[in-house]
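Numbers restart at 1 for each chain; the letters A, B, ... are given by sequence-line order, proteins then strands.
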Amino acid sequence: MSDVASSSSLAMSGGRKPLLDVEDLRVAFRTEEGVVQAVDGVSFHLDAGEVLAIVGESGCGKSVTGMTLMGLTRSPNARFGGRATFDGRDLLAASDDELRRVRGAQIAMVFQDPMTALNPVLRVGPQLVEQIRAHGDLGRDEALERARALLERVGIPRPEERLRAYPHELSGGMRQRVMIAMALSCDPRVLIADEPTTALDVTIQAQILEEVRRLRAETNAGVILITHDLGVVADVADRVAVMYAGQIVEQGTLDELFYDPQHPYTWGLLGSIARVDRPRPPRLPAIAGTPPSLADPPHGCRFRPRCPHAFERCGELPPLEARAGHPDRCWLTPEQKRTKRRVGGQIGLAHGDEEVAA
Amino acid sequence: MTRFVVRRLISMVLVLFAISVLTFLIFQVIPNGDPAQRMAGRLSTPETVAAIRRTWGFDQPIWQQYLTTMKKIFSGEVISYTQQVNVLDQIKQDLPATLSLAIGAGIIWLVLGVLFGLLSAIRAGRFTDRALTVLALVGVSTPVFLLGAVALYFLAFRVQLFPNGGYVPLTSDPPQWLYHMILPWLVLSVLFIGIYSRVLRSNLLDTMNEDYVRTARAKGISERRVLLRHVLRNSLIPIVSLWSLDFAAVIGGGAILTESVFNLHGVGQYAAESIAQLDVPPVMVVVMFGAFFVVVLSAVTDVIFALLDPRIRLT
Ligand SMILES: Nc1ncnc2c1ncn2[C@@H]1O[C@H](COP(=O)(O)OP(=O)(O)OP(=O)(O)O)[C@@H](O)[C@H]1O
Ligand SMILES: [Mg+2]
């Protein structure tokens, strides 16, 4: 199935080698509750200058996927499988030292929670300078000047002052900008932005997304945007991978996903943003139930326990396969999907009782 | 800052008052604690006892006695009941030994505690960590008097590697001072090394899971730098406060057992002897002196805290 996904991805990138090619990525953690298979056979690719969104509910393995690419999940309790090829080398097999040279320089990450991502006892300036100097031979003053320029670039007013500030003296939005400045400091070729806007209020969200868009245009970096918010996806993404319980359940271009979604889980996600008349709820409540435990996922299709359209065949895990243009993991036929996904004139996931209203 | 100092001064006055009243009262209710009777001796006549009682003011109401004692303490004229020497002079004489013990041991237990804690955390779950855990447990649960006695027996009496107790002033003979201090330093440090290494180990392991440490790793800086600059630095902050309070307690008479076992004639040993003789004035002075150090050093700790962690404001 990974073959299907990556061959179709090659086709999309016009036969050129992608910037980053992830094949059948698996990450398992040994915990007290047993083995947690946080990422279970994920494949995708990323080209320069494109924004790939990874969407899914909380706990489905998005952050683990992103962090694993940078080697940040490495620990004695973690097991990895698959390949992540960047620049002709497999990031999963790279030594800690090799990886250290890639981290922060070639691949950079903006983390989920800006409130805790900066060291509280160090000033902002030194925290930026540290990264700049780790990957080049700039002097302290040059690095500081560069840090100042970076803060200016991400739209922080009075950057000289901010360099001397401690993290707790900055607002959440400012801190997230500092994190973005930090991620950009060595002109990375891949930027992984893990829910860069979740912790922020709506106006700041828009500004941060504008920043991501500008970065892509200015540096031609590839961006992996991790989010649970399809509204954000519609704003900036070129392609989308929908993750559920450690697996990709549907993958396609923005248009394919929004106008021809194949997987019931995607319908559910779309259903939760379709009502423009109401404020968007922060955590997708539209799909009844909660994602399964990754220590003990359901047999067959992982979405089956929450899916109103499940039938016998769903006891068997559907492969990620292109049945109608772009790949998804659902046994329903394209025709069935076209009817079942229409709920009250919009795309959505029917509730058990109100079934298919055509 | 002014507010901070004023607050601390007020709390110091309150602490000293409370602790002196308490100490004074305890000695009033101890059976067989009548100082006049004790001074007069077992075979004295009631007249002698009465005379002593009058000259020392023991016939006055308790609060009056307390006030007199406090006045004498603060004017530096307080005299002990048994030896009948000036208590402050005695403490001045004993202080160098106590300071030598506290400073030396304080440095040793801080350095070794941090070192073992760091080693334990880096090797968490592996052999080194387990071995250090067992050692720490043994260290924490071995009483100082036992450890001191055993060390003296084997290292001073059987092997004669170290002197059999006693204190030599630093000013009169530095090498001998060092020679006499090594064993007491180590014995006093063992308990603290055990505690500090465990506390630091768990601080370190907690800090390693902090988001900002992940950020530091994501920058591509060396693992060593991540550990020292981001993990250790933040984990040390609570250790610093622990250290200065323990240090204050040791100076303020907290090393009673070590001083006595090694016969160092320090402030703690003086307090121990005075307690044994139910001699109130020295005990009160030592207790207040200890409390004074604890209050001052806890204020100093708060200042250091605020310097190390910019989120903390002095209030
Ligand atoms: N170091 C770890 N050890 C054990 N389990 C882990 C570890 N890191 C993540 N997990 C588990 O892996 C699963 C996926 O976590 P992940 O953080 O990737 O979710 P996510 O999709 O980013 O969710 P969110 O939207 O809440 O950020 C979760 O069940 C989590 O508990
Ligand atoms: Mg996450």
Side-chain angles (χ1 to χ4, degrees), chain A residues 63 66-67 69-77 96-124 126-136 164-169 175 178-179 182-183 185-186 188 191-192 194 199, chain B residues 114 119-130 200-241 301-315:
Chain A
S63 298
M67 290 193 293
L69 297 177
M70 295 188 74
L72 295 174
T73 46
R74 286 186 178 190
S75 93
N77 292 322
D96 286 345
D97 250 7
E98 272 180 284
L99 210 51
R100 198 170 53 69
R101 282 191 290 272
V102 172
R103 284 208 281 255
Q106 313 267 355
I107 306 182
M109 187 155 177
V110 175
F111 294 98
Q112 203 161 345
D113 187 356
M115 301 312 275
T116 54
L118 289 162
N119 189 331
V121 309
L122 296 178
R123 292 173 201 274
V124 167
Q127 297 197 54
L128 285 162
V129 164
E130 180 173 53
Q131 177 168 357
I132 296 168
R133 295 192 68 194
H135 299 290
R164 282 191 305 271
Y166 286 101
H168 73 274
E169 295 165 348
R175 285 188 225 185
V178 170
M179 288 306 293
M182 193 180 277
S185 63
C186 299
L191 175 72
I192 304 171
D194 190 352
Chain B
V114 167
L119 209 63
S120 225
I122 295 174
R123 306 245 143 224
R126 287 188 250 172
F127 176 76
T128 320
D129 179 36
R130 282 162 209 246
L200 182 65
R201 176 188 184 273
S202 79
N203 283 350
L204 285 168
L205 292 180
D206 284 350
T207 311
M208 281 179 194
N209 286 323
E210 293 282 353
D211 284 357
Y212 59 80
V213 172
R214 189 182 57 197
T215 306
R217 282 218 174 88
K219 291 177 186 177
I221 57 180
S222 70
E223 193 55 32
R224 191 189 146 86
R225 197 177 164 96
V226 171
L227 197 67
L228 294 181
R229 190 162 190 226
H230 295 274
V231 181
L232 184 61
R233 198 192 141 130
N234 287 277
S235 305
L236 275 181
I237 295 175
I239 295 288
V240 169
S241 80
T301 308
D302 286 349
V303 174
I304 296 175
F305 235 66
L307 291 177
L308 291 179
D309 189 338
R311 287 167 299 179
I312 295 171
R313 290 269 151 274
L314 293 178
T315 46

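- A/Cys186 and A/Ile132 get closest at one heavy-atom pair: SG-CA, 4.3 Å.
- With hydrogens and angles ignored, the 3.5 Å screen pairs a side-chain donor or acceptor of B/Lys219 with a backbone N or O of A/Gln127.
- Among all heavy-atom pairs drawn from B/Leu205 and B/Ala124, the shortest one is CD2-CB, 4.1 Å.
- Here the closest heavy-atom approach between residue A/Ser185 and residue A/Gln131 is recorded as OG-CD, 3.6 Å.
- Under the side-chain hydrogen bond (donor to acceptor under 3.5 Å, both in side chains) criterion, B/Tyr212 pairs with no residue, sequence neighbours left out.
- Contact of A/Leu118 with chain B is made through the backbone alone, with heavy-atom distances under 4.5 Å.
- No other option in A/Met179, A/Glu130, A/His168 has as many heavy-atom pairs under 4.5 Å with chain B as A/Glu130.
- The most heavy-atom pairs under 4.5 Å with chain B, out of A/Pro167, A/Gly71, A/Pro120, come from A/Pro120.
- Contact detail for B/Ser241 and B/Pro238: the closest heavy-atom pair is OG-O, 3.0 Å.
- Of all residues in residues 100-107 of chain A, those placing a non-hydrogen atom less than 4.5 angstrom from a non-hydrogen atom of chain B are A/Arg100, A/Arg103, A/Gly104.
- Applying the salt bridge (Lys or Arg N to Asp or Glu O under 4.0 Å) test to pairs two or more places apart or on separate chains, those with a residue in residues 201-211 of chain B are B/Asp129-B/Arg201, B/Asp211-B/Arg214.
- The minimum heavy-atom distance linking A/Phe111 with A/Leu72 is given by the pair CZ-CD1, 3.6 Å.
- Of the listed residues B/Leu308, B/Val213, B/Thr215, B/Ile237, the one with more heavy-atom pairs under 4.5 angstrom with chain A than any other is B/Thr215.
- Residue A/Met70 touches chain B through its side chain alone, counting heavy-atom pairs closer than 4.5 Å.
- Proximity to chain B involves both the backbone and the side chain of A/Pro126, based on heavy atoms less than 4.5 angstrom apart.
- Only the side chain of A/Leu122 comes within contact range of chain B, with at least one heavy atom under 4.5 Å from a heavy atom of that chain.
- For the pair B/Pro310/A/Val121, a side-chain contact is recorded, criterion being any heavy-atom separation below 4.5 Å from C-beta on.
- Within the 4.5 angstrom heavy-atom criterion, atoms from both the backbone and the side chain of A/Ala117 approach chain B.
- Scanning residues 222-232 of chain B against chain A with a 4.5 Å heavy-atom cutoff picks out B/Ser222, B/Glu223, B/Arg225, B/Arg229, B/His230, ordered by number.
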